[in-house]
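Report on the structure given below.
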Amino acid sequence: MRYELVIFDNDGVLVDSEPISNTLLAAYLTELGYPTSYEDSLRDYMGAAMHRVHDLVEERTGRRLPTDFDDVFHGRVFAAFERELEPVAGAVEVLEKLAADGVPYCVASSGSHERIRVGHRRTGLDRWFDDERIFSSQDVGRGKPAPDLFLYAAERMGVTPEKCLVVEDSPLGVRAAAAAGMDVYGFTAMTPADRLAGADRLFGDMSELSGLLQS
C-alpha cells in the first residue's frame with residue numbers, strides 16, 4: 001500500500017451519527033428561532049466544528065446563539081447516542097484489516113474529544129482507538145475546511161502529508177484534506193457524489209475500502 005497513514009473522519013465514516021446529530025441540530029436551531037431543516041443542517045454543518053454553527057447563524061441573522069448552546073446540544077446528542085448510535089456498516093472490518101496488516105491509522109474529527117469518545121464507547125470502536133490515535137478540532141485553531149487538523153494528526157503520527165490518505169464524507173473535509181496536500185477518498189453513503197467531487201476516489205460502501213487501499 002502506498003500510504004503510510006490512513007486518517008478517518010469520525011461522524012458518518014466510523015460512527016453512523018450524522019442522521020442523529022443533524023436531526024437534533026436542526027430541531028434545536030428551529031426551537032431557538034432559526035428555522036432549519038434536516039437538509040439545511042446537512043448542507044451547512046455536516047463535517048464542521050461547532051464554531052461554524054455559531055458563525056453562520058450570526059452572519060445570517062446578526063444574532064448570537066446562547067452561551068450554553070454547545071452544552072445543551074451535546075447533552076441531547078450524547079443522550080441520543082446512548083440510545084441508538086451504531087458503527088458505520090463495514091467500519092469494524094476495515095479497522096481489523098488495517099490492524100492485521102500493521103497499517104497506521106487514526107481519527108481526525110471536527111467533533112470534540114468527548115463526542116468522539118462517547119460515540120466510540122457506545123459502538124465498541126474504542127478498542128481500536130487509544131488516545132494517541134484520536135485528534136479533534138479542539139486540538140487546533142481552525143476546523144475543517146482549514147487543513148490544520150489533518151496536518152496536526154499527520155505530524156503527531158510522524159507521517160508526511162503526501163503519504164497520508166484521508167477518508168471523508170463531507171465537502172468541508174474533502175477540502176481540508178486537499179488543502180493539506182493529502183489524497184482523499186470520498187464516502188458517498190450519505191453525501192451525493194457530486195458534493196464530494198474534489199476527492200481522488202469515491203466509494204459508497206465501507207466494505208470496499210480495504211480493496212481500494214490495495215489498488
Side-chain angles (χ1 to χ4, degrees), residues 6-32 36 38 41-42 44-55 57 65-96 98-99 104-144 148-150 152-153 156-157 166-170 172-173 176 187 189-191 206 209:
V6 179
I7 304 175
F8 291 95
D9 176 43
N10 190 56
D11 294 292
V13 171
L14 294 175
V15 296
D16 194 16
S17 54
E18 294 291 10
I20 299 170
S21 58
N22 282 282
T23 296
L24 292 172
L25 180 57
Y28 189 27
L29 288 171
T30 300
E31 175 187 320
L32 292 173
T36 305
Y38 173 69
S41 184
L42 287 177
D44 293 339
Y45 306 122
M46 182 174 167
M50 287 301 295
H51 68 76
R52 180 176 171 85
V53 182
H54 291 264
D55 292 346
V57 168
L65 292 170
T67 55
D68 64 348
F69 179 87
D70 290 12
D71 290 339
V72 172
F73 173 64
H74 284 130
R76 296 180 183 185
V77 168
F78 295 164
F81 279 5
E82 293 295 346
R83 294 192 303 269
E84 56 192 288
L85 186 65
E86 298 290 340
V88 166
V92 169
E93 291 75 16
V94 168
L95 294 170
E96 286 176 339
L98 291 174
Y105 63 89
C106 65
V107 61
S109 172
S110 292
S112 66
H113 279 281
E114 184 182 12
R115 177 183 173 124
I116 297 167
R117 285 172 171 79
V118 167
H120 284 190
R121 284 196 300 270
R122 160 65 190 179
T123 59
L125 294 184
D126 53 343
R127 64 177 293 200
W128 303 106
F129 292 95
D130 54 26
D131 288 347
E132 287 70 33
R133 296 179 190 264
I134 297 177
F135 304 100
S136 160
S137 61
Q138 289 179 312
D139 301 326
V140 295
R142 298 180 300 167
K144 305 169 189 177
D148 305 37
L149 176 57
F150 290 138
Y152 176 74
R156 290 293 300 272
M157 296 293 291
V166 175
V167 183
E168 264 287 354
D169 70 332
S170 76
L172 293 175
F187 183 46
M190 273 196 62
T191 309
M206 192 55 67
L209 182 58

Is there a side-chain contact (heavy atoms from CB on, under 4.5 Å) between L32 and V57? Walk through the geometry before answering. CA-CA 11 Å; L32 292 173; V57 168; over 6 Å; no

Which is it for H54 and D70 under the side-chain contact (heavy atoms from CB on, under 4.5 Å) test, yes or no, and what are the steps along the way? CA-CA 9 Å; H54 291 264; D70 290 12; 2.7 Å; yes

Test log, rule side chain to side chain donor-acceptor pair (under 3.5 Å), inputs S109 and R115: CA-CA 10 Å; S109 172; R115 177 183 173 124; 5.9 Å; no

State, yes or no, whether a side-chain contact exists between L209 and F8 at a heavy-atom distance under 4.5 Å. yes

At what distance, to the nearest 0.5 angstrom, does CG of D44 lie from CZ of R52? 6.5 Å

Out of curiosity, I20 CD1 to R76 CZ, how far, rounded to the nearest 0.5 Å? 15.0 Å

Worked check of salt bridge (Lys or Arg N to Asp or Glu O under 4.0 Å) between R156 and D139: CA-CA 11 Å; R156 290 293 300 272; D139 301 326; over 6 Å; no

Report yes if the side chains of V88 and F187 come closer than 4.5 Å at any heavy-atom pair, otherwise no. yes

Heavy-atom distance under 4.5 Å between the side chains of M206 and L14, does that happen here? no

Nearest atoms (heavy-atom pairs only) where T123 meets P87: CG2-N, 3.5 Å

Can you check side chain to side chain donor-acceptor pair (under 3.5 Å) on D11 and S17, steps first, answer last? CA-CA 5 Å; D11 294 292; S17 54; 2.4 Å; yes

Hey, does P19 have a side-chain heavy atom less than 4.5 Å from the side chain of M190? yes

Distance-minimising heavy-atom pair for S136 and S112: OG-CA, 3.6 Å

Quick one: pull up CG in L24 and OH in Y38 and give me the separation to the nearest 0.5 Å. 10.5 Å

Rounded to the nearest 0.5 Å, what separation is found between the OG atom of S21 and the OH atom of Y28? 15.5 Å

Test side-chain contact (heavy atoms from CB on, under 4.5 Å) applied to W128 and L98, step by step: CA-CA 10 Å; W128 303 106; L98 291 174; over 6 Å; no

Please determine which of L25, V53, L29 meets the side-chain contact (heavy atoms from CB on, under 4.5 Å) test together with T36. L29

Measuring from atom OG of S170 to atom CE of M46, what distance do you get when rounded to the nearest 0.5 angstrom? 6.0 Å

List the steps, then state whether side-chain contact (heavy atoms from CB on, under 4.5 Å) holds for H120 with V15. CA-CA 8 Å; H120 284 190; V15 296; 4.2 Å; yes

Could you tell me how the ring of H74 sits relative to the ring of F78: parallel (under 30°), tilted (30 to 60°) or perpendicular (over 60°)? parallel

Between CG on residue D9 and CD on residue E18, distance to nearest 0.5 Å: 7.5 Å

Using atom types as modelled and distance alone, determine if a side-chain donor or acceptor of T191 lies under 3.5 Å from a backbone N or O of D169. yes

Looking at D126, is its backbone amide N or carbonyl O close enough to the side chain of R117 to form a donor-acceptor pair, meaning the two atoms are under 3.5 Å apart? no

Quick check, are the ring centers of Y105 and F129 under 6.0 angstrom apart? yes

